[in-house]
Amino acid sequence: MMKNYQKYSKQYFAPSGVTMDWTKKDSIEKPPIWCSVDLRDGNQALIIPMSLEEKLEFFKLLCKVGFKEIEIGFPAASETEYEFCRTLIENNLIPDDVTIQVLTQSREHIIAKTFEAIDGAKHAVVHLYNSTSVAQREQVFRKSKEEIINIAKFGANLCNEYKARAKGKVTFEYSPESFTGTEPEFALEICNEVIDIWKPTPDNKVIINLPVTVSHSMPHVYANQVEYMSKNLNCRENVIISLHPHNDRGCAVADSEMGLLAGGDRIEGTLFGNGERTGNVDIITLALNMYSQGIDPGLDFSNLPAITEVYEKVTRMHVYERQPYSGQLVFAAFSGSHQDAIAKGMKFREGEEKIWNVPYLPIDPTDVGRVYEADVIRINSQSGKGGIGYILETQFKHVLPPKMREAFGYHVKSISDHEHRELQPKEVYDIFIRDFVNVNAPIYVEKAIYTDKEDGIEAECTIKYNGVSYVRVSKGNGRLDAVSNAIKDVIGIDYIFDSYQEHDLEGKSSSKASSYVSIKLNDKAYYGAGIDSDIIVSSVKALVSAVNIMLSK
């Protein structure tokens with residue numbers, strides 16, 4: 001039992017009069033307007049904020065991914081922020097179709113510095129905010145509702161004055177910071193006061209941002225707050241409702257998805273969810289959730305490994321291995337049953353385009369720059385025959401018979417368990433070659449001469465066993481059977497020749513052949529493989545391998 005739970009209570013306000021019509025929708029039908037706040041909100045949450053050069057590299061990455069709106073900083077907050085904004089503008093580094101966004105408090109000298117920073121930008125969003133929650137009003141500012149409204153109105157009017165003198169296009173955004181801890185009626189009142197000052201038009205819309213500055217409630221409560229605002233804001237047709245969820249309760253993605261259903265038009269978030277405390281909404285997760293439902297998110301995450309590399313370098317943050325879609329292990333299957341299902345699912349898709357429905361894989365890993373063999377099937381002591389067989393087949397062209405695949409799978413799992421580590425695909429292949437292929441001791445067929453007879457095939461074999469050479473002539477219903485009978489005679493063990501299978505390794509007649517043989521002794525099966533450019537020789541080598549494995553047990 002947790003102590004002190006009595007000191008906590010609800011800090012949110014559920015709006016009245018909502019219909020929750022948004023719950024009748026089962027999916028998001030189109031992507032929102034995306035705004036990356038990595039360079040402001042994400043940057044201010046870093047232990048070591050990005051340098052100018054690092055911010056420039058990240059900005060270029062965000063443009064390449066396809067963001068059309070990028071919050072680049074709080075230019076009045078520090079010289080680095082200001083210099084970054086000026087560098088982008090003066091060096092013409094902002095693509096014509098990209099709008100930069102800058103943050104400002106509702107204070108005159110900060111607004112003045114902000115407009116100075118964006119001078120010369122073709123299009124900029126000036127993002128004005130002030131805190132509105134009960135906790136902020138009572139504890140931090142010690143001001144009444146009317147005084148808080150006046151702060152917002154003061155800033156909104158000043159923004160109008162500076163906009164009138166600006167050279168480029170300026171769009172306004174207002175955030176009632178700590179919205180989720182604000183009474184809905186008061187949040188609506190202050191936002192409408194700002195809207196009335198800015199007077200949005202179809203060609204000059206205003207962004208009203210509803211931030212989950214601190215997550216207090218379950219996602220449906222936030223969605224109801226969004227619905228309330230969407231249905232009651234002034235000039236709604238000329239207002240873009242933006243959502244800015246933080247992740248304190250681990251609900252930022254759910255807040256965003258439900259908020260979009262409830263009337264949101266725009267999302268502010270970060271790559272991989274970096275942000276203060278538990279972070280912002282992870283735009284990659286949100287976008288690829290849409291992608292997995294057949295919706296083009298309008299952002300290009302087709303090379304997540306490259307995006308991750310840049311992100312980790314400039315932020316000094318690490319993308320968690322289980323981060324949705326982008327973590328190193330999110331497509332990895334160690335479990336034998338999962339590996340078997342994935343392998344069969346992939347086999348089912350061969351040669352025909354189908355809607356993606358592979359077990360355990362919500363999207364095709366190759367669509368985000370991952371590789372099946374390296375990322376999906378991972379080998380350790382929990383792995384199964386299906387996954388291990390899949391590795392051999394897809395990467396090294398060895399198609400083992402089902403029973404041999406099972407035996408080899410147990411062998412590999414035993415090695416992984418003993419060494420207590422994951423095995424890489426090349427290690428799996430090396431184990432196969434070392435322990436199952438062309439095993440030539442203690443017995444080895446040095447030479448075999450075949451003669452067709454009326455009652456079968458005769459084989460004259462020179463066989464070395466424990467360093468001693470023997471010559472035996474034996475008959476069988478085929479070459480391999482004849483050699484097998486010769487081997488039985490030399491070793492004095494009457495095993496059963498059980499099965500044989502072969503294929504070429506490169507899909508062409510000139511390639512090497514790989515053969516697989518199983519033999520049985522006292523109902524226990526032993527398996528061997530042989531590789532040679534001659535199919536007959538490879539089959540004999542497979543038989544000899546199986547016999548040697550039997551003799552070693």
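In this chain, numbering begins with 1 at the start of the sequence shown.
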Do you know the tightest heavy-atom contact between Tyr222 and Leu210?
-> OH-O, 2.6 Å
Roughly how far, to the nearest 0.5 Å, is CD1 of Ile342 from CZ of Phe331?
-> 10.5 Å
Kindly state each residue pair satisfying side-chain hydrogen bond (donor to acceptor under 3.5 Å, both in side chains) with at least one member in residues 26-37, sequence neighbours excluded.
-> Ser36-Asp38
Would you please name every residue forming a ring pair (Phe, Tyr, Trp, His ring centres under 6.0 Å) with Phe186, sequence neighbours left out?
-> none
Set of residues satisfying salt bridge (Lys or Arg N to Asp or Glu O under 4.0 Å) with respect to Glu185, sequence neighbours excluded = none
Does Lys55 come within less than 4.0 Å of Glu81, counting only side-chain N to carboxylate O?
-> yes
To the nearest 0.5 Å, atom SG of Cys85 lies from atom CD1 of Ile118 at 7.0 Å
Donor-acceptor contact present, side-chain Ser215 to main-chain Asp248, <3.5 Å = no
Go through the steps for Asn160 and Ile197 under the test side chain to side chain contact (heavy atoms under 4.5 Å, CB included), then give the verdict.
-> CA-CA 8 Å; Asn160 272 344; Ile197 291 170; 3.4 Å; yes
SB check Lys313 Glu57 (cutoff 4.0 Å) = yes
Taking all atoms of both residues into account, what is the closest heavy-atom pair of Pro176 and Asn209, and its distance?
-> CD-O, 3.0 Å
Taking C-beta and beyond as the side chain, do Lys169 and Lys122 meet within less than 4.5 Å on heavy atoms?
-> no
Kindly say whether Ile148 contributes a backbone atom to a donor-acceptor pair with the side chain of Arg137 at under 3.5 angstrom?
-> no
Test ring pair (Phe, Tyr, Trp, His ring centres under 6.0 Å) applied to Phe348 - qualifying residues, sequence neighbours left out | none
Backbone of Pro362 reached by a side-chain donor or acceptor of Ser292 within 3.5 Å = no
Taking ring pair (Phe, Tyr, Trp, His ring centres under 6.0 Å) as the test, write out the residues that go with Tyr311, two or more places apart.
-> Phe272
When you look at Val212 and Val281, which way does the side chain to side chain contact (heavy atoms under 4.5 Å, CB included) test go after all the steps?
-> CA-CA 10 Å; Val212 184; Val281 66; over 6 Å; no
How long is the gap from CG on Leu188 to CG on Asn232, to the nearest 0.5 Å?
-> 5.5 Å
Here the ring pair (Phe, Tyr, Trp, His ring centres under 6.0 Å) pairs for residues 79-114, sequence neighbours left out, are none
Would you sort out whether Leu39 and Met50 count as a side chain to side chain contact (heavy atoms under 4.5 Å, CB included), showing the intermediate values?
-> CA-CA 8 Å; Leu39 296 170; Met50 286 178 272; 3.9 Å; yes
Spell out, as yes or no, whether a donor-acceptor pair under 3.5 Å connects the side chain of Thr308 to the backbone of Leu304.
-> yes
Considering residues at least two apart in sequence or located in another chain, which fulfil the salt bridge (Lys or Arg N to Asp or Glu O under 4.0 Å) criterion with Glu350?
-> Lys347
In plain terms, say whether Lys64 and Asp300 are close enough for a salt bridge, that is, a side-chain N and a carboxylate O under 4.0 Å apart.
-> no
Shortest non-hydrogen pair, Glu257 vs Leu286, comes out as CG-CD1, 3.4 Å
Is it true that a side-chain atom of Asn274 and a backbone atom of Gly42 form a donor plus acceptor pair closer than 3.5 Å?
-> yes
Given salt bridge (charged side-chain N to carboxylate O under 4.0 Å, His left out), test Arg349 with Asp364 step by step and report yes or no.
-> CA-CA 12 Å; Arg349 294 183 58 80; Asp364 184 344; 5.8 Å; no
Specify whether His244 and His246 have parallel, tilted or perpendicular ring planes, treating 30° as the upper limit for parallel and 60° as the lower limit for perpendicular.
-> parallel
Is the side chain of Thr132 donor-acceptor paired with the backbone N or O of Glu177 at a distance under 3.5 Å, no angle test?
-> yes
Regarding His127 and Thr104, is there a side-chain donor-to-acceptor distance under 3.5 Å anywhere?
-> no
So how far is it from Ile33 CD1 to Glu268 CD, rounded to the nearest 0.5 Å?
-> 11.0 Å
Residue set satisfying side-chain contact (heavy atoms from CB on, under 4.5 Å) with Cys251, at least two apart, ordered chain then number -> Pro219, Arg249, Asp255
Please name the pair of heavy atoms, one in Phe115 and one in Val126, separated by the smallest distance, quoted to 0.1 Å.
-> CZ-CG2, 3.9 Å
Anything under 30° is parallel, anything over 60° is perpendicular, the rest tilted; go ahead and classify Tyr360 against His338.
-> parallel
Are Ile307 and Val65 side-chain neighbours, meaning at least one heavy-atom pair lies under 4.5 Å?
-> yes
By ring pair (Phe, Tyr, Trp, His ring centres under 6.0 Å), Tyr12 pairs with (sequence neighbours left out) none
Residue from Ile208, Ile207, Val206 passing side chain to side chain contact (heavy atoms under 4.5 Å, CB included) with Ile240 = Ile207
Indicate yes or no: does Glu54 engage Arg316 in a salt bridge with an N to O separation below 4.0 Å.
-> yes
Give a yes or no on whether Asp96 atom CG has more than 12 heavy-atom contacts from other residues, nucleotides or ligands under 6.0 Å away.
-> no
Please, which pairs that meet side-chain hydrogen bond (donor to acceptor under 3.5 Å, both in side chains) have at least one residue in residues 145-156, sequence neighbours excluded?
-> Ser144-Glu147
Go through the structure and list residues passing salt bridge (Lys or Arg N to Asp or Glu O under 4.0 Å) with Asp119, not counting sequence neighbours.
-> Lys167
Close side-chain approach of Lys205 and Val239, heavy atoms under 4.5 Å | no
Correct closest heavy-atom pair for Phe59 and Leu93 would be CE2-O, 3.5 Å
Could you tell me whether the side chain of Ile295 reaches within less than 4.5 Å of the side chain of Pro31, counting heavy atoms only?
-> yes
Test: Arg266 and Glu173 ion pair at under 4.0 Å | yes
Apply salt bridge (Lys or Arg N to Asp or Glu O under 4.0 Å) to Arg236 and list each qualifying residue two or more places apart in sequence or on a separate chain.
-> Asp265
Do the non-hydrogen side-chain atoms of Leu128 and Leu158 ever get within less than 4.5 Å of each other?
-> no
